[in-house]
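Since we're looking at a predicted model, the values are computed, not measured. Below, chain A is the first sequence line, B the second, and so on; all start at residue 1.
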Number of protein chains: 2
Amino acid sequence: MQNTPVTLKYLAEKLKMSISTVSKALNNYPTINEFTKKRVQDLATELHFTPNKSAINLKQGRSKIIGIILPNLLDHFFTRSVYGLEQFASKHGYNVIISQSHDSLEKEIQSANMLLQTRVDGLIVAISKHTQDFSHFNEFEKMGTPVVYYTRNPSFNLSCHKVLCNTFQGAYQATKFLIERGHQNIAYLGGPKMISFTHDRFNGYIHALKDHGIPFSAELVAYTDFDKESTITAIKNLFSSEDKIPTALVAFKEPILFDAMKYLRSVNHPNFQQLECIGFGNTSFISYFNSPPVASIEENPESVGENAMKLLLQLLNRNIETNDYQKILVDCKLVVH
Amino acid sequence: MQNTPVTLKYLAEKLKMSISTVSKALNNYPTINEFTKKRVQDLATELHFTPNKSAINLKQGRSKIIGIILPNLLDHFFTRSVYGLEQFASKHGYNVIISQSHDSLEKEIQSANMLLQTRVDGLIVAISKHTQDFSHFNEFEKMGTPVVYYTRNPSFNLSCHKVLCNTFQGAYQATKFLIERGHQNIAYLGGPKMISFTHDRFNGYIHALKDHGIPFSAELVAYTDFDKESTITAIKNLFSSEDKIPTALVAFKEPILFDAMKYLRSVNHPNFQQLECIGFGNTSFISYFNSPPVASIEENPESVGENAMKLLLQLLNRNIETNDYQKILVDCKLVVH
DNA sequence: GCTATTATTTCAAACGTTTGAAATATAGTT
DNA sequence: AACTATATTTCAAACGTTTGAAATAATAGC
């Protein structure tokens, strides 16, 4: 036996007043008598009245929901960014729906459609690895729903709002730090070339070298595709050179660094114990290592998330014009262990 | 200049037919002429018609959304469980809204209210550490919205549906494994006593000892509250005994184990290198350790999530009666490294 | 060419809100 | 007592769908 649902109508009948009075009382309209308000609000809490969001959304044409599409929730970067996103959103009366694309374009499109149907007020996206075409996000713009891209940078010439890690600066700092510790042979282990910020990071490394008068050596650079095998191949290459043996290493991402370390340790590489490394990420597990790395490049994911949400809400409130495309860079911070 | 929204009404006008025909055509009603259906569907895709979920929810009285409340998304157990939850849900046409309680009762109540307003069709909850009182979930039951508790077990006498890790079996297996490797002095490092399954794990440990004729020794048991200091205190206690020096250790959670290992390493404890450890969790980072642990207790979070969602959908479809309270245990698996 | 079937389309109410305009009640002035 | 000004409440339409019942159109049988 289902209870009759507690709606405005039901409250109105109980109180022998009109639905609109009840509605306005609950929404604290100034034209409603204080005594009436109290009567209504008391009954509402007594009967646990819970406004139906669907009805409100339908009527108001806005959902107070922000959609988030991101590759996955296993990567701590994203979960930490969600923290920032959610916190900022809820402080401003918005809820958040998170949808994982699992780095598949197809799932990303599905997610986009789902969020379109939900009529989210805005969208924040970290695109999947394979996203080259952005037409599935066009509908949002057409409906006047602002979209902010974060972390994963859509192809450079697409006019859009973006919030990114200042990954150039991160790599620069890390390299500089290692130089200042006296290293000359600093290797760079880069990520997949298809990821937008791969180049920025590499540039940070290069510029740091140049600014400190250290010649660039191609033998000290290798790339991995994230998988273990290619990381090992890359690390083999880096350490196979005759004259230039790295004494320090800047890595694209800490898990890559871990794989690399594990390999060097397993082959008992003579330089392993002295090697000083820095990776992007600042994983919580890093402190459990007894050998390198010496520092981490903290990308401040919470701040990235918060900035993305902040920008989105500014677009929603029309504090920023839709076509006044913004690019926000969030600085990295070198954390020395 | 906002476009006029593409609604059923708009399509109907364009096609010079009634709204109901359009609606039924899109929903593939058998009474609608095939040719008409095609005309409607073609225009709908051409104009990117996207049904308004709020309107549908309102009309149908169901949202096809399942609410998830969990402590946080930083713990890999939960993110992995979300994977299972989401996957199973979307296979059955449901979407998922995740809300983090950050282990605060207040936020948990807020989340519950939000999901109540959203009129989720069902709720899956891993309660916060501090939740003793469950009245904020009563409203769901009252509205006929089924609730499934998972992982974090609400106080035993509350009649409810639950899906739990078979944490007893996990601890039992781990202890047995260590016994079979020849250990006699197996220590147990437990978690906070307020967490429901602390006792189950301890019992698994105890039973394995008993079944293998190894006497229980209170000196080999200590508890931590998750924070570093209390872990270190606990580990100091375990290794301070005169006669019973642990040669193996079962830990409540891997991060605790990491803290413990780090401490033992830092003090250069003589038994550190030989110590064999097993913790609950199977963190991906575990493989980067060069010393213990030797195995992990894999809790199969994806499966826990999937089972919770499965149970919930069965309740929704009335394949299981609401008051026929279910308790599902998902077995752990010992993963040897 | 009429009726009986059957196929197809349309009507109209409902879901639970919000909100400006209109109606009514109350108090204040003369 | 009549009128005005103000305070408070109600009316009624709208948001975008769904859906059973009613209406209409098309086809077949004679």
Using a cut-off of strictly less than 4.0 Å between a heavy atom of the residue and any atom of DNA chain D, enumerate the qualifying residues of residues 15-30 of chain A by number. M17(A), S18(A), S20(A), T21(A), K24(A)
Sorted by number, the residues of residues 111-123 of chain B with heavy-atom contact under 4.0 Å to DNA chain D: none
More than 12 heavy atoms from other groups under 6.0 Å of [atom1] on [X]:
X: K91(A); atom1: NZ; result: yes
X: K310(B); atom1: NZ; result: no
X: K64(B); atom1: NZ; result: yes

Gap between atoms [atom1] and [atom2], on [X] and [N] respectively (whole Å):
X: L8(A); N: dT10(D); atom1: CG; atom2: P; answer: 14 Å
X: N33(A); N: dT9(D); atom1: CG; atom2: P; answer: 5 Å
X: K9(B); N: dG16(D); atom1: NZ; atom2: P; answer: 8 Å
X: R62(B); N: dT18(D); atom1: CZ; atom2: C1'; answer: 11 Å
X: L58(B); N: dT18(C); atom1: CG; atom2: P; answer: 12 Å
X: F35(A); N: dT9(D); atom1: CZ; atom2: C1'; answer: 15 Å

Between the side chain of K107(A) and the main-chain N/O of Q100(A), is any donor-acceptor distance below 3.5 Å? yes
Can any side-chain N or O of S128(B) pair as donor or acceptor with the backbone N or O of H130(B) at less than 3.5 Å? yes
Which of these nucleotides, [options], is closest to any side-chain atom of [X]?
X: K59(A); options: dT19(D), dT17(D), dT17(C); value: dT17(C)
X: F49(A); options: dT17(C), dG16(C), dT18(D); value: dT17(C)
X: P5(A); options: dT9(C), dG16(C), dT17(D); value: dG16(C)

Please figure out whether Q60(B) or I32(B) has its closest DNA chain C nucleotide nearer the 5' end. I32(B)
When rounded to the nearest 0.5 angstrom, what is the spacing between [atom1] in [X] and [atom2] in [Y]?
X: H92(A); Y: L312(A); atom1: NE2; atom2: CG; value: 12.0 Å
X: Q87(A); Y: E302(A); atom1: CD; atom2: CD; value: 9.5 Å
X: L123(A); Y: I68(A); atom1: CG; atom2: CD1; value: 7.5 Å
X: L70(B); Y: I127(B); atom1: CG; atom2: CD1; value: 12.5 Å

Take T131(B) and E108(B) through the test side chain to side chain donor-acceptor pair (under 3.5 Å) and record every step on the way to the result. CA-CA 9 Å; T131(B) 306; E108(B) 185 175 281; 2.9 Å; yes
If the cut-off is 4.0 Å, is N52(B) near the phosphate of dT17(D), judged by side-chain N/O to OP1 or OP2? no
Closest contact, heavy atoms only, R119(A) versus T50(B): NH2-O, 2.6 Å
Across the strands shown, which category fits S54(B) at heavy-atom distances under 4.0 angstrom: base, sugar-phosphate, nothing? nothing
Rounded to 10°, the helix from dG1(C)-dC30(D) to dT30(C)-dA1(D) deviates from straight, judged by its five-pair end axes, by 60°
Only one of L164(A), I328(A), N300(A) forms a side-chain contact (heavy atoms from CB on, under 4.5 Å) with N307(A), so which one is it? I328(A)
